[in-house]
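Notes for the one structure printed next.
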Number of protein chains: 2
Amino acid sequence: MARAATTTDVFNAIAEGSRRNILETLSGGEAAVGEIVDRLRLPQPQVSKHLGVLRSVDLVRCRTVGRRRLYRVNGAALKPVHDWARSFEGHWNAQLDRLDDLLTELQQPDSHEGEAQ
Amino acid sequence: MARAATTTDVFNAIAEGSRRNILETLSGGEAAVGEIVDRLRLPQPQVSKHLGVLRSVDLVRCRTVGRRRLYRVNGAALKPVHDWARSFEGHWNAQLDRLDDLLTELQQPDSHEGEAQ
DNA sequence: AGATCATATGTCCATATGGGAATGTGTCAA
DNA sequence: TTGACACATTCCCATATGGACATATGATCT
């Protein structure tokens, strides 16, 4: 199998940076496709396709007004992401960080420098 | 361009369900590759490859003990995801949900309304 | 009716993928 | 040393992708 479809779930949908940018743009409130195009300076077909992906996982919803389509964020769809990440909250606290440092130290008896890639 | 590499950032890395499962498995503490294989019932090469992706975005770290490799979560790498999702928190609250309901309502000429044209 | 605006959809392609299978590497035991 | 174990790496392939471009749909206005 290849990589899972971007429309599989919210995690796949927000993997793409442009789609996160679109969501951030919509964070302030409803916006038409053209406004998103102007703000993000992306080709209109691209924006429409990204919006299609976001819509398919219910991250955005839209209503039609005249010949424009106003999109808005459905933040509730992001709650699972928030909660999932939050379940690791204990892992970015001081206690465990010190343990991690210790383990890292034990692993590398020498250097203090150098990030791989 | 094709889809961004899974190693591009944390968002891409956690898009894959198996990798999220691995992180959850490691949530309880250090574990060797073989333990992950047993718990998730995945082929060992797959687990190793997933771990490679997770390592490349610093979501996991490992130390070598004998001929085993003990992996652990670096939860701090998930904080950006948490914070980003959290920035939409206002969008999954009652106030805005009611607004959303209203907009959805307006969108669907559902009620006792005559057809105009 | 056209013409024009706003958006969606379709086609093409280079690219990265995850899964499967086989093989390589490094460590320990006998 | 040889062999068994634990893990990483490599190869192959079907598949979905995002970008660029062209085109279709649909609503509004003259």
Side-chain angles (χ1 to χ4, degrees), chain A residues 1-23 25-26 30-57 60-72 107 116-117, chain B residues 1-23 25-26 30-57 60-72 107 109 115-117:
Chain A
M1 238 194 279
R3 214 200 292 209
T6 57
T7 56
T8 300
D9 54 35
V10 178
F11 287 92
N12 279 277
I14 65 172
E16 188 70 13
S18 297
R19 281 192 290 266
R20 290 199 301 278
N21 289 338
I22 289 177
L23 289 175
T25 282
L26 294 178
E30 277 188 325
V33 178
E35 298 182 63
I36 304 174
V37 167
D38 290 345
R39 291 185 202 166
L40 301 183
R41 303 197 174 174
L42 292 173
Q44 174 266 316
Q46 218 168 309
V47 171
S48 277
K49 274 195 277 190
H50 284 317
L51 285 170
V53 173
L54 293 174
R55 225 178 16 185
S56 74
V57 296
V60 299
R61 292 169 180 171
C62 68
R63 64 190 179 109
T64 305
V65 173
R67 53 187 162 187
R68 301 191 311 157
R69 224 166 258 210
L70 299 183
Y71 281 83
R72 61 188 186 278
Q107 185 56 25
Q117 290 181 328
Chain B
M1 237 194 280
R3 216 202 288 211
T6 57
T7 56
T8 300
D9 54 35
V10 178
F11 287 92
N12 280 276
I14 66 171
E16 189 71 13
S18 297
R19 283 193 288 267
R20 290 199 301 279
N21 290 337
I22 290 177
L23 290 175
T25 282
L26 293 178
E30 276 187 326
V33 179
E35 299 183 63
I36 304 174
V37 168
D38 290 344
R39 291 184 202 167
L40 300 183
R41 303 199 172 172
L42 292 173
Q44 174 266 315
Q46 260 183 59
V47 171
S48 278
K49 275 194 280 188
H50 284 317
L51 284 170
V53 173
L54 293 174
R55 226 178 14 186
S56 74
V57 295
V60 299
R61 290 168 181 172
C62 68
R63 64 192 179 109
T64 305
V65 174
R67 53 187 162 186
R68 301 192 311 155
R69 220 165 262 209
L70 300 183
Y71 281 82
R72 62 188 185 280
Q107 184 54 28
E115 286 286 304
Q117 171 57 358

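Everything numeric here is computed off the predicted structure, so don't read it as measured data. Naming convention: chains lettered A, B, ... in sequence-line order (proteins, then strands); numbering from 1 in each chain.
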Closest nucleotide of DNA chain D for Gly34(B) versus for Arg19(A): which of these residues is on the 5' side? Gly34(B)

Selected nucleotide, minimal atom distance to Pro45(A) side chain, candidates dC21(D), dG18(C), dG26(D): dC21(D)

Measure from the side-chain heavy atoms of Arg67(A) and tell me the nearest of dA27(D), dG19(C), dC7(D). dA27(D)

From C-beta outward on Arg68(A), which listed nucleotide comes closest to its side chain: dA14(D), dC7(D), dA6(C)? dA6(C)

Distance check: side-chain N/O of Tyr71(A) vs OP1/OP2 of dA8(C), anything under 4.0 Å? yes

How long is the line joining CG of Leu42(B) and P of dG20(C), in whole Å? 9 Å

Kindly give the heavy-atom pair with the smallest separation between Thr6(B) and Val57(B), and that separation in Å. O-CG1, 4.4 Å

Ignoring hydrogens, what is the shortest heavy-atom contact between Arg20(A) and Ala15(A)? Give both atom names and the distance. NH1-O, 3.0 Å

From NZ of Lys49(A) across to P of dA16(D) the rounded distance in Å is 15 Å

Between Phe11(B) (CZ) and dT17(D) (P), how many Å, whole number? 19 Å

Tell me if the side-chain of Gln44(A) makes a donor-acceptor pair with the base of dA6(C), cut-off 3.5 Å, by modelled atom types. no

note: Asn12(B), atom CG; dT15(C), atom P; distance rounded to Å ~ 18 Å

For the pair made of CG in Leu51(A) and C1' in dT9(C), what is the distance, rounded to whole Å? 14 Å

Could you state the atom-to-atom distance from CD1 of Ile22(B) to P of dC7(D) in whole Å? 13 Å

Please work out if Ala4(B) contacts a base, only the sugar-phosphate, or nothing of the nucleic acid, heavy-atom cut-off 4.0 Å. nothing

When Glu35(A) and Thr7(B) are each assigned the nearest nucleotide of DNA chain C, the 5'-most assignment goes to Glu35(A)

Please classify the nucleic acid contact of Pro43(A) as base, sugar-phosphate, or nothing, using heavy-atom distances under 4.0 Å. sugar-phosphate

Please name the pair of heavy atoms, one in Ala13(A) and one in Arg19(A), separated by the smallest distance, quoted to 0.1 Å. O-NE, 2.6 Å

Report the nucleotide, chosen from dG18(C), dT9(C), dT17(C), that has the shortest atom-to-atom distance to any side-chain atom of Ser48(A). dT9(C)

For the side chain of Val33(B), counting heavy atoms from C-beta on, which of dC7(D), dA16(D), dG18(D) is nearest? dC7(D)

Give a yes or no on whether the backbone of Arg55(A) and the side-chain of Arg61(A) come within a donor-acceptor separation of less than 3.5 Å. no

Please report, rounded to the nearest Å, how far the C1' atom of dT27(C) is from the CZ atom of Arg63(B). 16 Å

Which whole-number value in Å describes the distance from His50(B) NE2 to dG20(C) C1'? 12 Å

Candidates dT9(C), dG18(D), dT15(C) - which lies nearest the side chain of Glu16(A): dG18(D)

Closest heavy-atom contact between Arg3(A) and Ala4(B)? NH2-O, 2.7 Å

Using the rule side-chain contact (heavy atoms from CB on, under 4.5 Å), only one of Val53(B), Ile22(B), Leu23(B) pairs with Val60(B); which is it? Leu23(B)

So does Gln46(A) get a side-chain nitrogen or oxygen closer than 4.0 Å to the phosphate oxygens (OP1/OP2) of dG18(D)? no

Taking only side-chain N and O atoms of Arg69(B), does any of them lie within less than 4.0 angstrom of OP1 or OP2 on dG26(C)? no

